[in-house]
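Inspection log for the structure reproduced underneath, given as structure tokens.
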Amino acid sequence: MPLGMYMAAEGAQAQSARLEVIANNLANVNTVGFKPKVTSFQSRFAEAIQQGRALPRSGRRDDVGGGVKVIDTVTDFSAGRLQATGNKLDLAIIGDGFFQVEADGEALLTRAGNFSLDANNRLVNQAGLPVLDAGGSPITLQQGVPFEVSSDGSIVQGDSRTPLALVTTESLGDLIKVGGNLFRPLANVTPVDDQLREVRAEFLELSGSNPTQQMMQMIETQRAFEANIRMVENHDSMSSGLIGRILQS
């Protein structure tokens, strides 16, 4: 394969991967607490170096370069904009931290605080998963008893005070998306310090995916993808023409 065609194909593949990420970000611009992903690129070594047949920075023909490749896709955990809802069970975390919900016996993390009560008066998320308290137990409210959510993230109902689980990790890189706007921690989580706990009731943290920004990135990526495809087609046309002339000679 001609080097130009090879590099253009690598570029098209990288832009295709970025398009998939952007499309998912756009699909979740209205998802409460959603955290978008960002794709990172890096120059790729020539194939000979990739295969160990040449050394980088040798200055030889085998060290021309291999185009570009995707090296990582990371989650942007920047806080989303807050929106008032007037619903007492809509909660937004101010600052660092995550709510905990239970799924199949596992504690998962989320920033989406659009909670409700199920038929058993348990506090659940939009998927019906129970929300956990600071002790790791599902939260059940007393039926018919008024309640309030304090600024430190505790549900106050009569003489009862139940603090919501608010946890954090040593590194946000320890979190992986598992679908449903949930994250699985790969390392131990720790409770948010009491002095830093802050929850705003009747508010929701909106998606961190900015539709205008994502659309601009999609247009930019689509153009880059199409440019690489045209380069592949041009190289293919030149190669076919060259082969045809050789066969006719």
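Everything quoted here is computed from the prediction, not taken from an experiment.
The nearest pair of heavy atoms linking P211 to L26 is O-CD2, 4.0 Å. Smallest separation of non-hydrogen atoms from L82 and A92: CD2-CB, 3.7 Å. Of all non-hydrogen atoms in V38 and V21, the two that sit nearest each other are N-CG1, 4.5 Å. Closest approach of Q100 and A107 over heavy atoms only: NE2-CB, 3.7 Å.
Side-chain contact of S209 with N25: a donor-acceptor pair under 3.5 Å is absent, judged by distance alone.
Classification of K35 and E205 as a salt-bridged pair holds, one side-chain N sitting under 4.0 Å from a carboxylate O. Contact check on E220 versus R18 returns a salt bridge, with a Lys/Arg side-chain nitrogen under 4.0 Å from an Asp/Glu carboxylate oxygen. Salt-bridge check for K88 with E202: failed, with every basic side-chain N at 4.0 Å or more from each acidic carboxylate O. Salt-bridge check for D72 with K37: failed, with every basic side-chain N at 4.0 Å or more from each acidic carboxylate O.
At a threshold of 4.5 Å between side-chain heavy atoms, the hydrophobic network of Ile, Leu, Val, Met, Phe, Trp and Tyr places I219 and F225 in two separate groups. In terms of hydrophobic clustering, with Ile, Leu, Val, Met, Phe, Trp and Tyr side chains grouped at heavy-atom distances under 4.5 Å, L89 and I93 are assigned to a common cluster. Residues L19 and V29 fall within the same hydrophobic cluster, defined by Ile, Leu, Val, Met, Phe, Trp and Tyr side chains chained together at heavy-atom separations under 4.5 Å.
Using a distance-only test at 3.5 Å, with no hydrogens or angles considered, a donor-acceptor pair links the side chain of R197 to the main chain of D152. The backbone N or O of G86 lies less than 3.5 Å from no partner atom in the side chain of D90, so there is not a single donor-acceptor pair.
Using a 4.5 Å heavy-atom cutoff, the side chains of Q83 and V32 are not in contact. Side-chain contact between L132 and V101 is absent, with no heavy atoms from C-beta onward closer than 4.5 Å. Side-chain contact check for M218 versus Q214: every heavy-atom pair is 4.5 Å or farther apart.
With rounding to the nearest 0.5 angstrom, the CG atom of D133 is 13.5 Å from the CZ atom of R161.
In this structure, F77 and F183 have tilted ring planes: the angle between them lies in the 30° to 60° band.
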